[in-house]
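Structure record follows, encoded as structure tokens.
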Amino acid sequence: MKPTYLTEEAISTFIAAAFAEDIGPGDYSSLSSIPEGKTGQAKLLIKDDGIIAGIELAEKIFKTFDSNLEVELLVKDGDEVKYGDVGLIVKGPSASILSSERLVLNCMQRMSGIATLTHRLTQQIIHTKARLMDTRKTTPNFRLMEKWAVLIGGGVNHRFALYDMVMLKDNHVDFAGGIRQAIERCNVYLKNNNLDLRIEIETRNLDEVKQVLAVGGVDQIMLDNMDYATMREAVAMIGNQYKTEASGGITEDTLVDVAECGVDYISMGALTHSVKSLDISLKAF
């Protein structure tokens, strides 16, 4: 089942905006050089080892631009691919293939890079109960695809945006006047506005964890920038009362140690903001 944010309308809106940005009034390179009525075919060449992502999106992009394009998918999202593999073959009007090529590649290269990193890191903590989770540290107007790629790579989506979950961060707590005030005001607001949203609150030390446990009224507790010993103590203190999330400066080098502290989730902004794209190209043949 796809996440609620991944609607056909949302995908179509993204594709339309991306084409408006890239093509504008016309792809004059293709229109001026390709004879009218000329048809051809091209293959999507994989030039890196990794996890493919965006293949379903690629088909939608091609077909949105020109319904006369025929797309044969040779792999599916989430498949492991290696250098030399062919991801798809597209046939039809040559100018249409060229006009939609760059959008397909831009999406697939970045999405596959995210899926590949997510998969690699997920495999490192598979012996623990921890699940790898993304953040809102995404590229403006490309969050839809980046979070989709995290799912394809085996990770978990955190909230999609500011409206589908409440996260009371340290600044919220400080501006509200404390943990109790932040939680209580939040719950009153949600009730008064008839909003059914999960609440997560960030804690920076064991004293703040104790305060949250005393107040209640949340669904998940974030353990932010805690050392391993403190994190293990916090997890033991929370027990099964709430889900726990480790966050803050977690890297590939520290990931396993954090997971072995017993947390339920580990959020890493690097999944979407520090990714090397997979090398993919489209070649006529």
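What you are looking at is a predicted structure, and each value in this text was computed from that prediction instead of being measured. We number each residue from 1, following the sequence as shown.
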First locate atom [atom1] of [X], then atom [atom2] of [Y], and finally report the distance between them rounded to the nearest 0.5 Å.
X      : Y      : atom1 : atom2 : answer
Arg110 : Leu278 : CZ    : CG    : 12.5 Å
Ser267 : Ile250 : OG    : CD1   : 6.0 Å
Cys107 : Ile55  : SG    : CD1   : 12.0 Å
Ile114 : Trp148 : CD1   : CH2   : 12.5 Å
Leu255 : Ile266 : CG    : CD1   : 5.0 Å
Lys38  : Ile97  : NZ    : CD1   : 10.5 Å

Testing the 3.5 Å rule here: is there a donor-acceptor pair between the side chains of [X] and [Y]?
X      : Y      : result
Thr272 : Thr138 : no
Asp66  : Asn68  : yes
Tyr5   : Asn157 : yes
Gln41  : Glu70  : no
Glu146 : Thr139 : yes
Glu202 : His172 : no
Arg180 : Gln211 : no

With a 3.5 Å distance limit and no angle check, can you tell me whether Gln124 reaches the backbone of Leu121 through a side-chain donor-acceptor pair? no

For Arg143 and Phe160, indicate whether the former's side chain and the latter's backbone hold a donor-acceptor pair under 3.5 Å. yes

Please check if [X] and [Y] belong to a single hydrophobic cluster, counting links between Ile, Leu, Val, Met, Phe, Trp and Tyr side chain heavy atoms closer than 4.5 Å.
X      : Y      : value
Tyr189 : Val218 : yes
Val86  : Ile46  : no
Leu282 : Leu98  : no

Within the 4.5 Å heavy-atom criterion, are [X] and [Y] side-chain neighbours or not?
X      : Y      : value
Asn141 : Phe14  : no
Phe65  : Ile23  : yes
Met167 : Met222 : yes
Arg159 : Glu200 : no

Is any side-chain N of the basic residue among Asp264 and Lys129 closer than 4.0 Å to the acidic one's carboxylate O? yes

Under a 4.0 Å threshold between the charged nitrogen and the carboxylate oxygen, would Arg198 count as salt-bridged to Asp164? no

Show your working on side chain to side chain donor-acceptor pair (under 3.5 Å) between Thr254 and Asp257 and close with a plain yes or no. CA-CA 5 Å; Thr254 62; Asp257 289 326; over 6 Å; no

Whether Lys43 engages the ring of Phe285 as a cation-pi pair (distance to the six-membered ring centre under 6.0 angstrom, angle to the ring normal within 45°) should be assessed. yes

Would you mind telling me which of Ile51, Asn106, Leu57 makes a side chain to side chain contact (heavy atoms under 4.5 Å, CB included) with Met111? Leu57

Arg102 atom CZ: more than 12 heavy-atom contacts under 6.0 Å: yes

Identify the heavy atoms of Thr128 and Ala259 that sit nearest to each other, and give their distance. OG1-CB, 3.6 Å

